[in-house]
There are 2 protein chains.
Amino acid sequence: MVAQVRRFNRVVTERVGALSDRFLGLPRPLGEARLLWEIGSEGCEVRLLRVRLGLDSGYVSRLLRSLESGGLVKVVMSRGDQRVRVARLTAAGRRERARLDDRSDRLAESLLAPLNARQRQQLVTAMGDVERLLVAASVEIRPVDPEDADARYCLAEYVAELNRRSTRGFDPTKGATAQPHELRPPAGQFFVASLHGEAIGCGGVKHHAGAPAEIKRMWIAPQARGLGLGRRLLATLEACARTGGAQVAHIETSAVLHEALGLYRSAGWVEVPPFNDEPFADHWFEKRLA
Amino acid sequence: MVAQVRRFNRVVTERVGALSDRFLGLPRPLGEARLLWEIGSEGCEVRLLRVRLGLDSGYVSRLLRSLESGGLVKVVMSRGDQRVRVARLTAAGRRERARLDDRSDRLAESLLAPLNARQRQQLVTAMGDVERLLVAASVEIRPVDPEDADARYCLAEYVAELNRRSTRGFDPTKGATAQPHELRPPAGQFFVASLHGEAIGCGGVKHHAGAPAEIKRMWIAPQARGLGLGRRLLATLEACARTGGAQVAHIETSAVLHEALGLYRSAGWVEVPPFNDEPFADHWFEKRLA
DNA sequence: GCCATTCTCTGACTTTAGTCAGCAAATGGG
DNA sequence: CCCATTTGCTGACTAAAGTCAGAGAATGGC
């Protein structure tokens with residue numbers, strides 16, 4: 001497998017290498033071209049450019065001066081905060097950016113051109129798979145404090161989604177709760193999944209000495225579904241419950257979360273009679289942690 | 001499709017970018033690391049290094065001096081031609097190269113690590129498809145003179161393969177010939193397929209005014225099979241025959257080339273009674289060129 | 001043996017892509 | 001209003017990557 005990954009890598013950097021440098025071939029250094037691209041047609045705050053491209057403040061400033069003297073960019077004060085400056089493309093800058101875009105398209109076309117219809121379809125499908133799985137592999141799941149900003153965001157989204165999908169009304173303070181102190185070691189643990197620093201999922205475990213651990217608040221952002229992330233998160237939570245000493249784990253959920261029901265069943269969870277009185281729940285699952 | 005290619009490209013360069021720079025993270029500039037890698041455990045002529053990496057003569061020389069002063073490389077005279085110099089890795093150089101290799105392996109593993117067994121299998125399969133199709137797309141088919149070096153090489157391989165696969169003995173000067181003058185415009189045309197400058201296939205067309213064109217000497221190197229290249233080459237030859245004014249094309253072949261029989265049938269060729277007396281042939285095909 | 005070519009090396013130079021320290025203006029919490 | 005912080009800018013510096021011209025030795029065709 002490692003050999004295939006490396007072979008893939010070699011071929012892709014060789015052939016797509018030209019593509020990857022969608023900036024090459026224009027009489028413009030890579031740094032400037034990247035900046036031009038990142039500014040976008042809408043304009044962008046200079047501080048955001050620094051963060052997104054991971055560049056030094058002084059360096060960005062100098063690149064902007066260079067683009068400005070070339071008549072491609074105009075840097076103006078931000079309204080609101082007078083310290084912040086906003087870079088905007090001029091008409092010439094937009095033309096240049098369109099050229100980069102066009103160049104990218106043509107390179108992609110030239111990649112497909114020698115192939116017949118069936119091969120193109122195969123290539124595009126395989127590229128889609130690689131893309132999806134590489135994105136899935138970039139997702140990082142880490143334990144965080146349940147009151148950390150990312151955790152709060154995910155929990156809020158979780159509650160909002162439940163209330164959007166059910167008419168019954170979900171109140172996280174009622175029934176089988178999962179308050180911050182219940183999800184913080186040693187009582188429990190909370191996890192956040194993130195992609196490129198953006199929180200896209202969460203889940204928690206409540207340990208109970210001598211009794212089944214509870215898995216709570218499992219949520220995956222809509223845009224991150226279909227990556228097999230739910231399964232990975234669930235496995236992480238199960239491992240956490242097992243490490244906490246539990247032999248068995250419990251989950252209660254609602255039928256409105258039909259993807260979740262399918263996931264639990266296929267991950268070896270079995271439906272059992274209600275083990276608590278959570279008013280929002282209508283399905284109760286149990287799994288023996290080997 | 002173009003959008004998928006570009007999306008693939010963005011994700012791959014982002015995630016595999018680190019991988020692609022298998023050289024990063026060692027206290028050594030990229031240029032030196034690439035050179036170290038390219039020299040290989042066998043050593044390599046300096047002029048080949050220049051060609052393969054596409055670098056300036058002076059630049060390579062300086063890089064070699066730097067590696068030499070670091071004790072990683074030894075540059076020695078070539079036996080035979082005293083102008084040519086050969087770069088060889090020292091024991092320390094081989095250790096350093098092994099470190100690069102190891103680093104590559106670990107990066108590939110880290111890419112697979114967050115995925116479960118099924119996802120890994122999917123990713124590796126999709127990577128294999130992308131690789132194969134990108135290689136297929138890099139193959140270039142161009143018309144060449146039938147006495148050009150690449151053409152001679154392919155024709156020799158073609159004859160050698162026929163004689164390896166059949167006990168009947170194939171003599172290209174007997175029967176339905178395809179001498180250079182018959183495959184040179186205006187009488188005909190010869191094509192060579194090449195991958196990264198290496199000839200990996202060939203085929204020719206003989207035009208006959210008012211009569212079916214003949215397709216001759218179609219061959220694909222063993223290492224380039226399975227890329228759909230035969231089909232593409234055949235389509236090129238058919239197009240050439242059509243451009244030459246033919247309404248119908250002919251091919252004769254032998255059953256020992258069973259892949260070829262399958263290709264012709266699936267590409268719309270129909271088997272017909274013998275139209276010539278080529279002693280090596282045992283199957284005759286015809287196709288109407290729309 | 002002559003001469004064009006090949007191969008490598010050196011010196012002098014440039015561009016790109018940064019890093020680092022420090023400054024000045026604006027902001028916001030107390 | 002004070003003061004720490006944020007934001008962007010400038011000057012001074014570095015390393016990497018590469019280009020170009022030319023020199024010197026070896027080679028090969030004639």
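A note on names: the letters A, B, ... follow the listed sequences, proteins ahead of strands, and every chain is numbered from 1. What you are looking at is a predicted structure, and each value in this text was computed from that prediction instead of being measured.
Legend: residues meeting side chain to side chain donor-acceptor pair (under 3.5 Å) with B:Glu182, ordered by chain and number and at least two apart, are B:Thr177, B:Lys206. Residues that satisfy the side chain to side chain donor-acceptor pair (under 3.5 Å) test with B:Glu157, not counting sequence neighbours, are absent from this structure. Every residue meeting the side chain to side chain donor-acceptor pair (under 3.5 Å) condition with A:Glu45, not counting sequence neighbours, appears here in chain and number order: A:Arg47. Not counting sequence neighbours, the partners of B:Glu38 by the side-chain contact (heavy atoms from CB on, under 4.5 Å) test are B:Leu49, B:Arg52, B:Leu53. Judged as a side chain to side chain donor-acceptor pair (under 3.5 Å), and not counting sequence neighbours, the contacts of A:Glu96 are A:Arg28, A:Arg99. Contacts of A:Val135 classified as side-chain contact (heavy atoms from CB on, under 4.5 Å), with partners at least two apart in sequence or in another chain: A:Leu195, A:Leu227, B:Val11. Scanning for side-chain contact (heavy atoms from CB on, under 4.5 Å) contacts around A:Glu42 gives an empty result, with sequence neighbours left out.
No N or O donor and acceptor, one from the side chain of B:Ser57 and one from the base of C:dC7, sit under 3.5 Å apart.
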Using a 4.0 Å cut-off on protein heavy atoms (strictly under), produce a 5'-to-3' string for nucleotides 15-20 of chain C with B for base contact, S for backbone-only sugar-phosphate contact, and - for none. -SSBBB
Could you pull out every donor-acceptor pair under 3.5 Å between side chains of residues 136-147 of chain A and any protein atom, sequence neighbours left out?
unit_1: A:Ser138; atom_1: OG; unit_2: A:Leu134; atom_2: O; d: 2.7
unit_1: A:Arg142; atom_1: NH1; unit_2: A:Ser194; atom_2: OG; d: 3.0
unit_1: A:Arg142; atom_1: NH2; unit_2: A:Asp150; atom_2: OD2; d: 3.2
unit_1: A:Asp145; atom_1: OD1; unit_2: A:Glu147; atom_2: N; d: 2.8
unit_1: A:Asp145; atom_1: OD1; unit_2: A:Arg184; atom_2: NH2; d: 3.1
unit_1: A:Asp145; atom_1: OD2; unit_2: A:Arg184; atom_2: NE; d: 2.8
unit_1: A:Glu147; atom_1: OE1; unit_2: A:Arg184; atom_2: NH2; d: 3.0

Got a list of side-chain donor-acceptor pairs under 3.5 Å for residues 54-63 of chain A, not counting sequence neighbours?
unit_1: A:Asp56; atom_1: OD2; unit_2: A:Gly58; atom_2: N; d: 2.8
unit_1: A:Asp56; atom_1: OD2; unit_2: A:Tyr59; atom_2: N; d: 3.1
unit_1: A:Ser61; atom_1: OG; unit_2: A:Arg65; atom_2: NH1; d: 3.3

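Using a 4.0 Å cut-off between a side-chain N of Lys or Arg and a carboxylate O of Asp or Glu, A:Arg106 and A:Asp102 qualify as a salt bridge. Ion pairing of A:Glu68 with A:Lys74 is absent here, as no side-chain N (NZ or NE/NH1/NH2) approaches a carboxylate O to less than 4.0 Å.
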List every contact pair, protein side and nucleotides 27-30 of chain D side both N or O, where the distance is under 3.5 Å.
unit_1: D:dT27; atom_1: OP1; unit_2: B:Gly80; atom_2: O; d: 3.3
unit_1: D:dT27; atom_1: OP1; unit_2: B:Gln82; atom_2: N; d: 2.8

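Nucleotide C:dT6 holds its C1' atom 14 Å from the CE atom of B:Met77, rounded to whole Å. Between the CZ atom of A:Arg65 and the P atom of D:dT10 there is a distance of 6 Å, given to the nearest Å. The CG atom of A:Leu67 sits 13 Å away from the P atom of D:dC9 (whole-angstrom rounding). Here D:dT7 presents its P atom at 19 Å from CZ of A:Arg79, a figure rounded to the nearest Å.
Near DNA chain D, defined here as any heavy-atom distance below 4.0 Å, the residues from residues 39-51 of chain A are A:Val46, A:Arg47, A:Arg50, listed numerically.
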